[in-house]
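The residues of the chain are indexed from 1 along the displayed sequence.
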Amino acid sequence: MLFARDKGTEVETAVCRYLQQQGLKLLTRNYHSRGGEIDLIMQDNNVLVFVEVRFRKSTAFGTAAETVNRTKQSKLIHTAEQYLQRHRVVHDSCRFDVVGVSPADSGYRMQWIQNAFEQG
């Protein structure tokens, strides 16, 4: 049986691989700052993409993507702002994506929501 952290790493790795297959380039995994963490920071052409990965065994209490509430959005935005201040990445714009992950017969089912919410 996988512990929660191991499961989280496995799911993030699967999401990262999936997004790379869609043409995104990985810049950073598990970026930490005071007040928050961003699971994946990727580049989609000249767009910087901050990705929140959410895993749910069941949708009984809502989908994984629905768990990214306003408080979580605020933390992600704040952490993204800190990342942008510390790193010089060439980009035209930024977006926040959420990838909801649930178990499927042969792996995972992924719901990729691009531009899931906006800053401000």
Side-chain angles (χ1 to χ4, degrees):
M1 181 174 169
L2 289 173
F3 293 98
R5 184 176 307 232
D6 293 337
K7 187 63 162 179
T9 300
E10 177 187 304
V11 170
E12 281 181 13
T13 299
V15 169
C16 184
R17 209 173 306 126
Y18 170 75
L19 294 176
Q20 287 173 319
Q21 290 169 350
Q22 308 306 309
L24 278 69
K25 177 184 169 198
L26 177 66
L27 301 178
T28 307
R29 277 183 76 151
N30 300 72
Y31 176 77
H32 292 269
S33 74
R34 286 187 317 170
E37 176 193 4
I38 298 175
D39 297 324
L40 302 169
I41 300 175
M42 304 187 85
Q43 195 153 351
D44 186 5
N45 295 313
N46 280 342
V47 177
L48 193 60
V49 184
F50 299 99
V51 182
E52 175 67 9
V53 177
R54 302 298 261 195
F55 178 77
R56 289 290 174 267
K57 290 181 187 175
S58 160
T59 57
F61 298 102
T63 66
E66 290 171 337
T67 66
V68 182
N69 59 25
R70 290 225 183 269
T71 302
K72 182 62 177 176
Q73 290 176 19
S74 178
K75 287 180 180 182
L76 288 167
I77 290 166
H78 181 72
T79 304
E81 288 170 345
Q82 290 181 349
Y83 178 85
L84 290 170
Q85 290 171 2
R86 291 192 176 113
H87 298 82
R88 300 274 184 240
V89 180
V90 177
H91 64 279
D92 294 335
S93 62
C94 301
R95 74 174 193 245
F96 293 89
D97 290 3
V98 175
V99 180
V101 182
S102 57
D105 293 339
S106 59
Y108 299 110
R109 179 178 300 112
M110 298 188 197
Q111 178 190 20
W112 179 21
I113 304 169
Q114 296 182 42
N115 211 21
F117 58 91
E118 294 189 14
Q119 184 175 350

> Less than 4.5 Å apart, any side-chain heavy atom of Gln114 and any of Trp112?
Replying inline: yes

> Could you give the distance from CD1 (Ile38) to CZ (Phe96), rounded to the nearest 0.5 Å?
Replying inline: 6.5 Å

>> Between Phe117 and Arg70, is the side-chain contact (heavy atoms from CB on, under 4.5 Å) condition met? List the steps.
In response: CA-CA 9 Å; Phe117 58 91; Arg70 290 225 183 269; over 6 Å; no

> Can you find a pair of side-chain heavy atoms, one from Glu12 and one from Phe55, that are under 4.5 Å apart?
Replying inline: no

> Is it the case that more than 12 heavy atoms not belonging to Lys75 sit under 6.0 Å from its NZ atom?
Replying inline: no

>> Between Glu52 and Asp39 (side chain of the first, backbone of the second, donor and acceptor by atom type, cut-off under 3.5 Å), is there such a pair?
In response: no

> So do Arg17 and Val15 actually touch side chain to side chain, heavy atoms under 4.5 Å?
Replying inline: no

> What distance do Asn46 atom CG and His91 atom NE2 have between them, rounded to the nearest 0.5 Å?
Replying inline: 9.5 Å

>> Less than 4.5 Å apart, side chain to side chain, heavy atoms only: is that true for Met42 and Gln20?
In response: yes

> Taking the side chain from Asn69 and the backbone from Thr71, do they hold a donor-acceptor pair closer than 3.5 Å?
Replying inline: yes

> Asp44 and Lys25: salt bridge (Lys or Arg N to Asp or Glu O under 4.0 Å), yes or no, with the steps?
Replying inline: CA-CA 7 Å; Asp44 186 5; Lys25 177 184 169 198; over 6 Å; no

>> Thr13 vs Arg29, test: side chain to side chain donor-acceptor pair (under 3.5 Å). Steps then yes/no.
In response: CA-CA 9 Å; Thr13 299; Arg29 277 183 76 151; 3.2 Å; yes

> When rounded to the nearest 0.5 angstrom, what distance separates SG in Cys16 from CG in Leu40?
Replying inline: 5.5 Å

>> Name the residue from Leu84, Val47, Val49 that meets the side-chain contact (heavy atoms from CB on, under 4.5 Å) definition with Cys94.
In response: Leu84

>> Between Tyr18 and Tyr108, is there a side-chain heavy-atom distance shorter than 4.5 Å?
In response: no

> Can you check whether His87 and Tyr31 have ring centres sitting under 6.0 Å from each other?
Replying inline: yes

> Can Val99 and Ile113 be said to form a side-chain contact (heavy atoms from CB on, under 4.5 Å), step by step?
Replying inline: CA-CA 6 Å; Val99 180; Ile113 304 169; over 6 Å; no

>> What I'd like to find out is whether the side chain of Ser33 reaches to under 4.5 Å of the side chain of Arg86, using heavy atoms alone.
In response: yes

> What is the distance from atom CD of Gln22 to atom CE of Met110, rounded to the nearest 0.5 Å?
Replying inline: 9.5 Å

>> Any non-hydrogen side-chain atom of Glu37 less than 4.5 Å from a side-chain atom of Asn30?
In response: yes

> Under 4.5 Å between any side-chain heavy atoms of Leu76 and Val68, yes or no?
Replying inline: yes

>> Using a 3.5 Å distance criterion without hydrogens, assess whether the side chain of Asp97 forms a donor-acceptor pair with backbone atoms of Asn115.
In response: yes

> Roughly how far, to the nearest 0.5 Å, is the CZ atom of Arg109 from the CZ atom of Arg56?
Replying inline: 15.5 Å

